[in-house]
Colleague: 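For reference, the structure I am asking about is given below.
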Amino acid sequence: MKIASWNVNSLKVRLPHLQQWCADAAPDILALQETKSEDGAFPLPAIQALGYHCVFSGQRTYNGVAILAREAPTDVVTDVAGLDDPQRRFLAATVGGLRIVNLYVVNGQSVGSEKYAYKLRWLDAVTAQLREELARHPELVVLGDFNIAPEDRDVHDPEAWREQILCSTPEREALRAMLDLGLHDSFRLHNDEPGQYSWWDYRQAAFRRDLGLRIDLVLVSESLKARVADVGIDRVTRTWERPSDHAPAWVRLSDTTS
DNA sequence: ATGGTAGGTGCCCTA
């Protein structure tokens, strides 16, 4: 069971990349962020042609999330309780006994801005909702573009990024509060190395110089932790023509033995 | 050095 997250930065532009990566990597479940596609314009036939069921929650121009899965997703939730929020950043569904929550966390622009305050409010509300999800579904996967680098080893230049957006202490504490529900950053269960990035800015030739951050995460609940057999970030997609600025992050779960 | 590039939109906004 391979589960992946990828911020595609426009599904319309990145459809060929999605087709290629799905052929290469064969994920069973794939969470997409920044589809930038209204639901009425979602390219469902192209997704189905890849062999996936799909649920999605989108809007014009910004945001937008989707879950692709070999099995049909059920019990879909698109809204965060307690937030009257038109921004389409949250999508939960059950797939073959696993509860999947796809997050496109608010970027926050800069520390202290109004968007930053919204980011922290949004994370608070989502964490409260995840507490409920976890109570109902012990086998929980929370994945997506978190727009937070968990630790300094996830940042190419920690001093330059110190207390900057994506790295500030309040953001990291908000992520910690989410992990404290009983979730684990699956990548760090199998890889202790620094320099393992999932996002490189389009500007300043950041990818060529490997000026990246690891902000795309796959969190697994306690009851799934022992099944995490392998993890990875497929940075090769960032070398492709007209790439997303994010690479897919994935986890492979061993089969249940019952 | 407060830039740069990319996507979607429409004469800027967000990342």
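Here is the naming used below: chain letters follow the sequence lines, and residue numbers restart at 1 for every chain. What you see is a predicted model; the values in this text were computed from it and never measured. Below, all heavy atoms of this structure are taken into account, side chains as well, without hydrogens, waters or symmetry copies.
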Colleague: On a whole-Å scale, what distance lies between the P atoms belonging to dC12(B) and dT2(B)?
Modeller: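 These two P atoms come out 22 Å apart once rounded.
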Colleague: Are any of the side-chain nitrogens in Asp79(A) or Arg88(A) under 4.0 Å away from the carboxylate oxygens of its partner?
Modeller: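 Salt bridge: yes.
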Colleague: Expressed as a whole number of angstroms, how long is the span from Leu211(A):CG to dT5(B):P?
Modeller: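 Atom CG in Leu211(A) sits about 15 Å away from atom P in dT5(B).
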Colleague: Considering only the C1' atoms, how many Å lie between dA6(B) and dA1(B), rounded to the nearest integer?
Modeller: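 Nearest-Å result for dA6(B) against dA1(B) at atom C1': 22 Å.
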Colleague: Let me check something: any side-chain donor-acceptor pairs from residues 65-76 of chain A under 3.5 Å, sequence neighbours excluded? List them with distances.
Modeller:
| residue | atom | partner | partner atom | Å |
| --- | --- | --- | --- | --- |
| Arg70(A) | NH1 | Leu50(A) | O | 3.2 |
| Arg70(A) | NH1 | Gly51(A) | O | 3.0 |
| Arg70(A) | NH2 | Tyr52(A) | OH | 3.2 |

Colleague: Taking ring pair (Phe, Tyr, Trp, His ring centres under 6.0 Å) as the test, write out the residues that go with Phe56(A), two or more places apart.
Modeller: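 Only Phe42(A) meet the ring pair (Phe, Tyr, Trp, His ring centres under 6.0 Å) criterion with Phe56(A).
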Colleague: Can you tell me how far C1' of dT9(B) sits from CD of Glu38(A), to the nearest Å?
Modeller: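 It works out to 12 Å between those atoms.
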Colleague: Could you list the residues that satisfy side chain to side chain donor-acceptor pair (under 3.5 Å) with Arg235(A), not counting sequence neighbours?
Modeller: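 Side chain to side chain donor-acceptor pair (under 3.5 Å) check on Arg235(A) returns Asp210(A).
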Colleague: For the pair made of CD in Glu241(A) and C1' in dA6(B), what is the distance, rounded to whole Å?
Modeller: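 It is 14 Å, rounded to the nearest whole Å.
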Colleague: Between dT9(B) and dT14(B), how many Å separate the two P atoms, rounded to a whole number?
Modeller: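 14 Å, rounded to whole Å.
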Colleague: Please list all pairs meeting salt bridge (charged side-chain N to carboxylate O under 4.0 Å, His left out) that have one or both residues in residues 91-103 of chain A, counting only residues at least two apart or in different chains.
Modeller: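 Every pair satisfying salt bridge (charged side-chain N to carboxylate O under 4.0 Å, His left out) with a residue in residues 91-103 of chain A: Arg99(A)-Glu133(A).
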Colleague: Take the protein atom CD of Gln204(A) and the nucleotide atom C1' of dT2(B), then report the distance between them rounded to whole Å.
Modeller: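 After rounding, the reported distance stands at 11 Å.
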Colleague: Not counting sequence neighbours, which residues clear side chain to side chain donor-acceptor pair (under 3.5 Å) with Asp24(A)? List them please.
Modeller: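 Side chain to side chain donor-acceptor pair (under 3.5 Å) check on Asp24(A) returns Gln20(A).
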Colleague: Can you check each nucleotide of nucleotides 10-15 of chain B against protein heavy atoms at under 4.0 Å and return B for base, S for sugar-phosphate only, - for none, in 5' to 3' order?
Modeller: S--BSB
